[in-house]
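Shown next, in structure tokens, is the structure this report addresses.
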Amino acid sequence: FSVADAKGANVTANYTLVKKTPGKLTITGKGTVTFANSDGTVLQRSVVSCGKMPAYKGKTPKKATDAKYVYEFAGWKPKLAKVSGDITYKAAYTKISRPGRAKVSSIISLDKSSANVLWTASSGARSYELQWRAVGGKWTSASVKGTSKVVKGLKTGQLYQFRVRGIAGSIKGIWSNVSGRYFRVVSLASVKHAGAGAVSVGWKVDPKANAGYVIIVRGKFGGKVIARKVVRAGATSAIVRGLTPGQKVWVRVRSLRSFNDKTYIGILSAGRYVRL
């Protein structure tokens, strides 16, 4: 038969005994209690005697995170109450915003074994987790308060990858893009005037530079790039033309190494001045 629960709704159960005493109605029976996740997946189902409190004995329910939110278990809906018939409780969650996605903006090689990694700020982040690895290896992690970190102990000739994500307490943001660097310095052999508005650049071959080299010409150290030329793999010299005659320029070169359809740039060589 049907009886009314605490909220006035009719519930049905299979009862085995009805005993009436003065001023009190005692119902003895059982109900099927189901605990389900928010998507309807059954987590636990059991038969419980009426009048007893149901108890969930499984692992804490979880809901997958998405690009914007993390979901924390907040209890059951409806609120647990003494069994009066068959009932299903569904997991409820609190929606918490994830830190925004950071982006690795620059990797500055300081020397043959260290680099300063910089990234954009992540909205809502209180700190950051920076990771790096040699390509194909295991990630190494570091907790960082700001938006840059000097990474040391890198090995010459290796390809390295870097990524970062924002952290807000126990909430972790999405990983940034993966950026890489080839830790090899090309030895600059010569920089010479090669006629009006031209400079000849020579270097020692890098056997791992399978994607070639890049010659970079600036008006001065740290100044704006005024010319850039990509040279084929295996080459050890090239001429850059179209520069301003009589101008003094600062010249450097770096290796390019390709791996798994991605090109990694090497560390810039030492620079040399030449007047055209």
Side-chain angles (χ1 to χ4, degrees), residues 65 67 98-122 125-168 170-189 201-216 222 225 228-236 238 251-271:
T65 59
R98 301 181 73 176
R101 191 174 189 182
K103 180 181 179 181
V104 175
S105 56
S106 183
I107 303 170
I108 303 172
S109 303
L110 302 179
D111 53 41
K112 296 179 181 180
S113 62
S114 64
N116 189 19
V117 184
L118 301 91
W119 54 88
T120 59
S122 167
R126 300 174 194 169
S127 62
Y128 298 88
E129 181 183 6
L130 174 67
Q131 287 193 336
W132 64 94
R133 68 176 180 183
V135 171
K138 294 182 178 180
W139 290 104
T140 297
S141 297
S143 179
V144 186
K145 287 294 184 182
T147 55
S148 68
K149 179 176 175 59
V150 174
V151 178
K152 299 180 180 180
L154 305 175
K155 295 181 179 180
T156 299
Q158 286 276 16
L159 296 173
Y160 282 93
Q161 295 175 319
F162 303 85
R163 66 181 184 179
V164 67
R165 65 180 172 184
I167 305 292
S170 62
I171 309 303
K172 298 179 179 180
I174 298 174
W175 285 112
S176 70
N177 57 310
V178 175
S179 295
R181 181 70 83 244
Y182 172 41
F183 274 80
R184 171 80 71 179
V185 180
V186 175
S187 296
L188 196 61
V201 185
W203 58 89
K204 293 183 179 180
V205 69
D206 175 1
K208 293 185 177 180
N210 57 357
Y213 303 86
V214 178
I215 299 171
I216 298 174
V225 174
R228 180 184 282 107
K229 182 171 183 174
V230 178
V231 185
R232 65 174 177 80
T236 56
V251 182
R252 304 174 83 178
V253 65
R254 71 189 341 155
S255 300
L256 297 175
R257 184 175 171 188
S258 179
F259 182 81
N260 285 349
D261 298 323
K262 184 173 182 178
T263 299
Y264 295 80
I265 62 174
I267 303 173
L268 280 168
S269 69

Test item: Phe183 and Ser113 side chains (from C-beta on) under 4.5 Å apart, heavy atoms: no

Residue of the set Lys138, Gln161, Gln158 for which side chain to side chain contact (heavy atoms under 4.5 Å, CB included) holds with Arg133: Gln161

Heavy-atom check, side chain of Lys208 versus side chain of Arg184, under 4.5 Å: yes

Arg101 (side chain) donor-acceptor with Trp175 (main chain) under 3.5 angstrom: yes

Interatomic spacing from CG in Leu159 to OH in Tyr182 - rounded to 0.5 Å: 7.0 Å

Lys103, NZ: over 12 other non-hydrogen atoms inside 6.0 angstrom: no

Within the 6.0 Å centroid threshold, strictly below: Phe259 and Tyr264: no

Partner residues of Ile265 under the side chain to side chain contact (heavy atoms under 4.5 Å, CB included) criterion, sequence neighbours left out: Arg181, Arg254, Leu256

Any donor-acceptor N/O pair, Tyr128 side chain to Ser122 backbone, under 3.5 Å: yes

Residue among Val164, Val144, Leu130 satisfying side chain to side chain contact (heavy atoms under 4.5 Å, CB included) with Val117: Leu130

Polar side-chain atom of Ser258 near backbone of Ala211 as donor-acceptor pair, under 3.5 Å: no

Side chain to side chain contact (heavy atoms under 4.5 Å, CB included) between Trp119 and Asn177, worked out: CA-CA 10 Å; Trp119 54 88; Asn177 57 310; over 6 Å; no

Spacing of CD1 belonging to Ile216 relative to CZ belonging to Arg252, to within rounding of 0.5 Å: 8.0 Å

Short side-chain to backbone donor-acceptor contact, Ser179 and Phe162, under 3.5 Å: no

Test log, rule side chain to side chain contact (heavy atoms under 4.5 Å, CB included), inputs Trp132 and Ile107: CA-CA 12 Å; Trp132 64 94; Ile107 303 170; over 6 Å; no

Any donor-acceptor N/O pair, Asn210 side chain to Ala233 backbone, under 3.5 Å: no

